[in-house]
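All values reported here derive from a predicted model rather than from experimental measurement.
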Amino acid sequence: MSTVRTRFAPSPTGYLHVGGARTALFNWLYARHTGGTFILRIEDTDQARSTEQSVQAIFDALKWLDIDWDEGPFYQSERLNLYNDYIDRLVAQGHAYYCTCTPDEIEAMRERARATGAKPRYDGTCREKGLPLSEGAVVRFKSPVMGTTVIEDVVKGHIVFANDELDDFVLRRSDGMPTYNFAAVVDDVSMEITTIIRGDDHIMNTPKQILLYQALGRPLPVFAHVPMVLGNDRTRMSKRHGATSVTAYRDMGLLPEAFINFLARLGWSYGDQEFFTRQELIEKFSLDRVGKSAGIFDAVKLNALNADHIQAARPADLVRHLKPFLESDGWNTQDEAYIKGVIATLQTRSKTLKEMAMQARFYFETDVAYDEQAAKKFLKPNVLEPLKQLKEQLAALTTFDEKAIEQVFVQLMETFQIKLGKIAQPVRVALTGTSVSPGIFEIITVLGQARVVARLEKALDYIAGR
RNA sequence: GGUCCCAUCGUCUAGCGGUUAGGACACUGGCCUCUCACGCCAGUAACAGGGGUUCGAAUCCCCUUGGGAUCACCA
């Protein structure tokens, strides 16, 4: 009874994008679900494109998503000895050979092949030469010319490849670095990865990797090729699809819980359920409920799901997520109890944290700026008296809670024989500067007596001055 | 072009031989109401096409069409 070991193996050549995040999530969920081990491996064998910033960007994104790993991070660039050991073995056993053909020669080979309508690939010039190791030589895999290689994929099913479609691909470059297909297999073997979950854009690599497993005499892992995430134009997500970096969604005010919920549901389903907490995802995730067809990333639905998560969250848990947005708007965030109250009034009307911060503006401004239209329409002389009395009565309250506040309004409506609507809008403008806000009793309660009285006074002055 | 994958409302999807083809987002109407939201109710909207298999196909097989992926000393 072997335990599950999964890995996420990004290459640090840019930020972590949506597709990568989902691959990481599925691997993580599967490991957590099965009580297995999740490993992080950085595939930085491309010296030219790998950067330190990209590694950091990947860490940042995983941290935001709260996807943690049990082993690693391992860097392929630090495991060269291991790859070389395997190379020696493969060459010694006749599974690989040195090749001294130059890139120009390879290119010429391809041209010739294309011209005759054949497949453009390595023609095997050095395959049987038994060349010794030499400066600048690459190592190629001696790929079988006959037969077939089969993938038994848990999501895609049975996939057959004719071996003559494959060519003698490079295992180690002339600069001594291993290539992706080789390093990935050596690592997956040595790290004892049991289940490889990755995007289905890797299907074409899989037969090569299976051949390598066989040459190495190792048992095959379980393959699960999950469908890709596409942009609105149905092509692979890339820069031109707008925000594809995971952290961009954080900065747009998405909740990590909502984001992983959305990512999980894109390609995986659990009956009709749409909303999942992180814990539910771990409990319910399984590979056999992963679909086969690619899905389009729908930002509108993501926002709706985010709204659901904001609404379902406890205000106290939202505080730390909202604070950065409040701070970037220039507000003081010392008083967390106050922020908690603010959040409670805004949860049902914000789709994102950024939006919530915007809507929270009036709670933090020291001098409320009136929206011209709203002030003109509602702060009129005819409400001067009711407003004045309201201010006085609210100022006189000893227990400033929603119930007491509502009582004040009830009395006011009676004495002036007006409906709540007549007085609520002027008060709303006085307190928030606009005609749109959370419920009037709620905002009075949260703002607190001092702010409310001061703002009503300001409104009275404004009316008097008209 | 070769190879491989995929195909249910606009989008995400349920469905795993017999359903009025369900849900969610979006959209449209209504209710609620102190504004805006939330919530609730209702509605529009899909099995790509053609052949089979079967008493019976969205479900199984084949073909066509469409879309995607991949063809490196990148991962």
Side-chain angles (χ1 to χ4, degrees), chain A residues 9-13 43-46 48-50 76 99 101-103 106-107 110 114 117-122 136-140 151 153 155-157 159-162 165-167 169-181 183-184 199-207 225 227-228 230 232 234-236 262 265-275 288-289 291-305 307-308 311 345-351 359 374 378 409 413 419-429 432 434-441:
Chain A
S11 60
T13 54
E43 309 220 324
D44 56 351
T45 54
D46 184 344
R49 297 197 307 148
S50 298
Q76 291 189 322
C99 167
C101 294
T102 65
I106 305 284
E107 190 46 45
R110 293 212 178 86
R114 268 191 283 268
K119 295 175 179 59
R121 61 182 183 187
Y122 184 65
V138 301
V139 176
R140 284 182 184 277
I151 308 177
D153 194 278
V155 350
K156 301 284 187 178
I159 307 172
V160 183
F161 290 88
E165 287 293 330
L166 280 18
D167 73 349
F169 56 97
V170 171
L171 263 26
R172 188 173 69 192
R173 295 184 262 247
S174 51
D175 66 358
M177 292 297 274
T179 56
Y180 162 73
N181 280 120
D200 68 12
D201 50 329
H202 281 283
I203 287 184
M204 293 309 213
N205 289 320
T206 309
H225 286 98
M228 306 225 310
L230 272 24
N232 337 37
R234 299 184 169 279
T235 64
R236 188 180 181 145
F262 177 75
R265 276 290 283 104
L266 219 185
W268 172 84
S269 63
Y270 192 80
D272 281 341
Q273 188 172 346
E274 301 278 349
F275 185 98
D288 58 348
R289 299 200 65 92
K292 320 171 124 176
S293 52
I296 294 173
F297 186 90
D298 181 3
V300 175
K301 184 150 185 171
L302 169 59
N303 268 14
L305 195 55
D308 289 343
Q311 201 166 167
T345 69
L346 259 18
Q347 275 178 293
T348 59
R349 42 205 113 219
S350 311
K351 286 201 188 304
Q359 294 169 130
F378 295 110
F409 273 83
M413 285 156 63
K419 291 204 162 191
L420 181 58
K422 282 290 173 202
I423 188 68
Q425 281 303 77
V427 172
R428 176 166 280 118
V429 176
T432 72
T434 73
S435 55
V436 176
S437 87
I440 201 74
F441 306 129

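Comparing the same atom, P, in B:C16 and in B:G52 gives a spacing of 26 Å after rounding to whole Å. When the P atom is used for both B:A69 and B:C60, the distance is 25 Å, rounded to whole Å. Nucleotides B:A26 and B:G43 are separated by 14 Å at their C1' atoms, to the nearest Å.
The base of B:C38 lies outside donor-acceptor range of the side chain of A:R349, with no N or O pair under 3.5 Å. At a cut-off of 3.5 angstrom, the base of B:C36 holds no donor-acceptor pair with the side chain of A:S437. A donor N or O paired with an acceptor N or O is not found under 3.5 Å between the base of B:A26 and the side-chain atoms of A:D298. Between the side chain of A:K301 and the base of B:C12 there is at least one donor-acceptor pair of N/O atoms closer than 3.5 Å.
By the 30° and 60° cut-offs, the orientation of the rings of A:F409 relative to A:F441 is perpendicular.
Among the atoms of the strands shown, none is found under 4.0 Å from any heavy atom of A:M177. A:C101 comes within 4.0 angstrom of a nucleotide base, judged by non-hydrogen atoms across all strands. Among the heavy atoms of the strands lying under 4.0 Å from A:I296 are primed sugar atoms or P, OP1, OP2 only; no base atom is included. Across all strands shown, A:S293 has heavy atoms under 4.0 Å from sugar-phosphate atoms exclusively, and none from any base. Nucleic acid contact for A:P10: none, since no nucleic acid atom lies under 4.0 Å from a heavy atom of the residue. At a threshold of 4.0 angstrom between heavy atoms, the contacts of A:V138 include nucleobase atoms, whether or not backbone atoms are also involved. Here A:E274 lies in heavy-atom contact (under 4.0 Å) with a base. When heavy atoms are screened at a 4.0 angstrom cut-off, A:G439 is found touching base atoms of the nucleic acid. Using a 4.0 Å heavy-atom cutoff across all strands shown, A:Q359 reaches no nucleic acid atom at all.
Across all strands shown, B:A58 forms no Watson-Crick or G-U wobble pair with both distances under 3.5 Å.
Taking atom CZ on A:F441 and atom C1' on B:C34, their separation rounds to 7 Å, with Å as the unit. If you take CZ of A:R236 and C1' of B:C5, they are 14 Å apart, rounded to a whole angstrom. Atom CZ in A:F297 sits about 12 Å away from atom P in B:C12, given to the nearest Å. Distance CD (A:E165) to C1' (B:C5): 15 Å, rounded to an integer number of Å.
Residue A:R110 places at least one side-chain N or O under 4.0 Å from the OP1 or OP2 atom of B:A72. Look at A:R121 and you won't find any side-chain N or O under 4.0 angstrom from OP1 or OP2 of B:G2. Applying the 4.0 Å criterion to OP1 and OP2 of B:G10, one finds that A:R234 has every side-chain N and O outside that range. Applying the 4.0 Å criterion to OP1 and OP2 of B:G2, one finds that A:K119 has every side-chain N and O outside that range. OP1 or OP2 of B:A75 has at least one side-chain nitrogen or oxygen of A:T45 nearer than 4.0 Å.
Distances were taken from every side-chain heavy atom of A:R140 (C-beta onward) to each of B:C73, B:C38, B:C34; the shortest belongs to B:C73. Distances from the side chain of A:F161 to the nucleotides B:U35, B:U3, B:C34 place B:U3 closest. Residue A:E43 has its side chain nearest to B:A75 when only B:C25, B:A14, B:A75 are considered. Distances from the side chain of A:I106 to the nucleotides B:C34, B:C73, B:A14 place B:C73 closest. When each of B:C25, B:C5, B:U35 is scored by its nearest atom to the side-chain atoms of A:R428, the top-ranked nucleotide is B:U35. Side-chain proximity of A:S11 to B:A75, B:C38, B:C73: nearest is B:A75. Checked against B:A37, B:A75, B:A14, the side chain of A:D46 finds its nearest nucleotide in B:A75.
Residue-to-nucleotide proximity on RNA chain B shows that, of A:D167 and A:T179, the 5′-proximal contact is made by A:D167.
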